[in-house]
Amino acid sequence: MSTSETLAATSLGQAAVPSQPAAAQPDRTYHVRTFGCQMNVHDSERLTGMLEAAGYVPADPATVVDEGADVVVLNTCAVRENADNKLYGNLGHLAPVKARRPGMQIAVAGCLAQKDRGEIVRKAPWVDVVIGTHNLGSLPALLERSRHNARAEVEILESLETFPSTLPTRRESAYAAWVSVSVGCTNTCTFCIVPALRGTEKDRRPGDVLAEVEALVAEGVVEVTLLGQNVNTYGIEFGDRLAFGKLLRAVGAVPGLERVRFTSPHPSSFTDDVIAAMAETPTVMHQLHMPLQSGSDRVLRAMRRSYRSERFLGIIDRVRAAMPDAALSTDIIVGFPGETEEDFQATLDVVRASRFANAFTFQYSPRPGTPAATMPDQVPKAVVQERYERLVALQEEISWAENRAQTGRRLELLVSEGEGRKDTATERSSGRAPDNRLVHFAPRPAPGVPAWEEPVRPGDVVEVEVTYAAPHHLVADAGVLSLRRTRAGDAWQARQARPAGAPAARTTVGLGMPRLGSSAAPA
């Protein structure tokens with residue numbers, strides 16, 4: 001295959017309008033596989049929305065394991081150490097599948113596509129489309145162009161073509177939704193390649209964010225998570241450093257919305273007005289994910305993180321003073337170049353003082369194109385591994401102790417879908433507490449509670465009492481104390497209503513979210 005590569009330098013609001021995609025052939029199916037962070041998951045919702053708007057339908061989940069889709073989209077991440085290996089491993093698996101299925105197309109999107117560009121088609125010439133982070137809306141048109149021209153199409157723009165939230169979206173959940181308030185990043189962390197791939201920060205206007213939230217609530221959504229690479233620097237484009245706190249209050253006041261969350265803030269830009277907005281707005285949850293990365297001031301300086309451990313701990317103290325029930329989580333990198341045992345001990349000290357409910361812990365890995373990749377004193381793998389294991393052990397101990405303190409508490413859960421991998425075997429359902437703790441519960445009435453006629457649905461709200469605590473989840477096996485059927489549950493139920501033989505209601509977006517124990521540096 002030959003490669004047609006479009007490299008354009010456009011500015012927001014001045015991009016060329018992409019050609020309208022032709023309708024897909026009848027019943028052409030798609031499957032989107034996602035790797036990486038929440039931003040990638042949300043991008044995949046946009047990609048699926050674009051495909052469905054162009055006439056594609058989700059592949060039957062029963063056939064996805066065999067790649068039984070006419071279009072397979074790999075939405076990539078460039079942050080993790082094995083990102084390249086994971087991509088080319090997946091492409092290698094797809095090559096014989098495509099050889100057996102004439103007309104099948106493969107597309108690669110996301111950060112690794114933005115970084116590697118035409119290199120992907122050179123290494124994997126059976127790929128049909130490569131599309132970057134700035135022009136997701138072009139995917140259907142590029143698929144049609146590739147099919148018509150019988151060649152690979154590579155289109156990488158150098159700046160944002162249109163704000164992603166203006167694109168059609170197929171939401172993964174009927175009851176909870178991501179809402180982007182900004183894209184891109186203006187920071188220059190020495191370990192992170194994301195700003196080079198997603199560009200500088202671009203902010204949405206508050207009215208646009210509120211309009212999207214109101215539309216989601218009208219569809220049945222009861223929880224939204226405001227999303228940005230550094231979500232609390234929102235407002236940088238229109239010169240209001242207090243804009244994010246104001247936005248939290250405004251979103252929290254939308255009628256019918258029950259829960260508001262946000263991720264991820266940067267400690268250097270975290271202001272007290274945000275703490276006040278969290279504490280004073282009933283619908284804003286008392287949960288905060290704030291990346292620490294290192295507890296050593298010397299390492300933070302080398303990382304080019306513009307805060308120090310004292311400031312970080314000060315923020316945590318003020319959050320807990322305003323919201324004693326707040327649950328905090330974080331990201332931590334072990335083994336950054338030049339990290340000494342003294343530096344690592346400083347990280348352990350901050351972890352002990354912070355009492356995080358959970359932490360995403362990563363072993364540093366050099367990413368080509370970042371300043372840290374060429375720094376001297378790269379820490380030997382064996383040393384990194386040993387420190388990593390000590391950190392994980394400490395955090396497991398803290399997480400378990402913090403969860404044991406929840407035993408006997410009554411919690412209101414938003415019932416979720418697909419979060420309890422053992423729910424079928426244990427006859428449990430799962431839900432999220434206001435502080436975002438995962439709770440597996442017995443979906444039957446507790447003793448003395450009248451029975452209900454219809455089963456508990458994802459999107460409904462239940463009250464339970466915690467009976468058992470594990471490091472990463474809680475259990476409530478005594479039954480449901482109260483059940484509130486919601487519009488969100490109605491919306492979930494409506495999604496399940498499909499004519500016989502129709503594809504499953506949920507779009508096939510495979511998630512590759514980071515887990516505790518992940519081994520590469522986050523964004």
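Worth saying up front: this structure is predicted, and the values here are computed from it rather than measured.
- Once rounded to the nearest 0.5 Å, the distance linking CG of Leu242 with OG1 of Thr271 reads 6.0 Å.
- Of the N and O atoms on the side chains of Tyr30 and Arg28, not one donor lies less than 3.5 Å from an acceptor on the other residue.
- In terms of modelled atom types and a separation under 3.5 Å, the side chain of Arg204 and the main chain of Ser180 share a donor-acceptor contact.
- Side-chain atoms of Glu402 and Ser399 form no donor-acceptor pair, as typed in the model, at a separation below 3.5 Å.
- In this structure a side-chain-to-backbone donor-acceptor pair under 3.5 Å is present from Tyr307 to Leu292.
- Checked by atom type and distance alone, the side chain of Thr200 never pairs as donor or acceptor with a backbone atom of Thr186 at under 3.5 Å.
- Side-chain N/O atoms of Asn135 and Glu155 include a donor and acceptor closer than 3.5 Å.
- Glu417 and Trp492 are linked by a side-chain donor-acceptor pair at a separation below 3.5 angstrom, with hydrogens and angles left out of the test.
- The aromatic ring centres of Phe360 and Phe356 sit 6.0 Å or more apart.
- If you check the side chains of Asp477 and His440, you find no donor sitting under 3.5 Å from an acceptor.
- For the 3.5 Å distance criterion, the side chains of Asp423 and Ser430 qualify, holding a donor opposite an acceptor.
- Partner of Asn436 under the side-chain contact (heavy atoms from CB on, under 4.5 Å) criterion, out of Met285, Arg259, Arg261: Arg261 alone.
- No side-chain heavy atom of Glu201 sits less than 4.5 Å from a side-chain heavy atom of Val183.
- The structure places SG of Cys77 at 9.0 Å from NZ of Lys86, a figure rounded to the nearest 0.5 Å.
- Under the 30°/60° scheme for interplanar angles, the aromatic rings of Phe262 and Phe244 are found to stand perpendicular.
- Between the side chain of Arg320 and the main chain of Asp325, no donor-acceptor pair closer than 3.5 Å is present.
- If you check the side chains of Asp435 and His286, you find no donor sitting under 3.5 Å from an acceptor.
- In the model, Arg33 has no side-chain atom that pairs as donor or acceptor with a side-chain atom of Asn75 under 3.5 Å.
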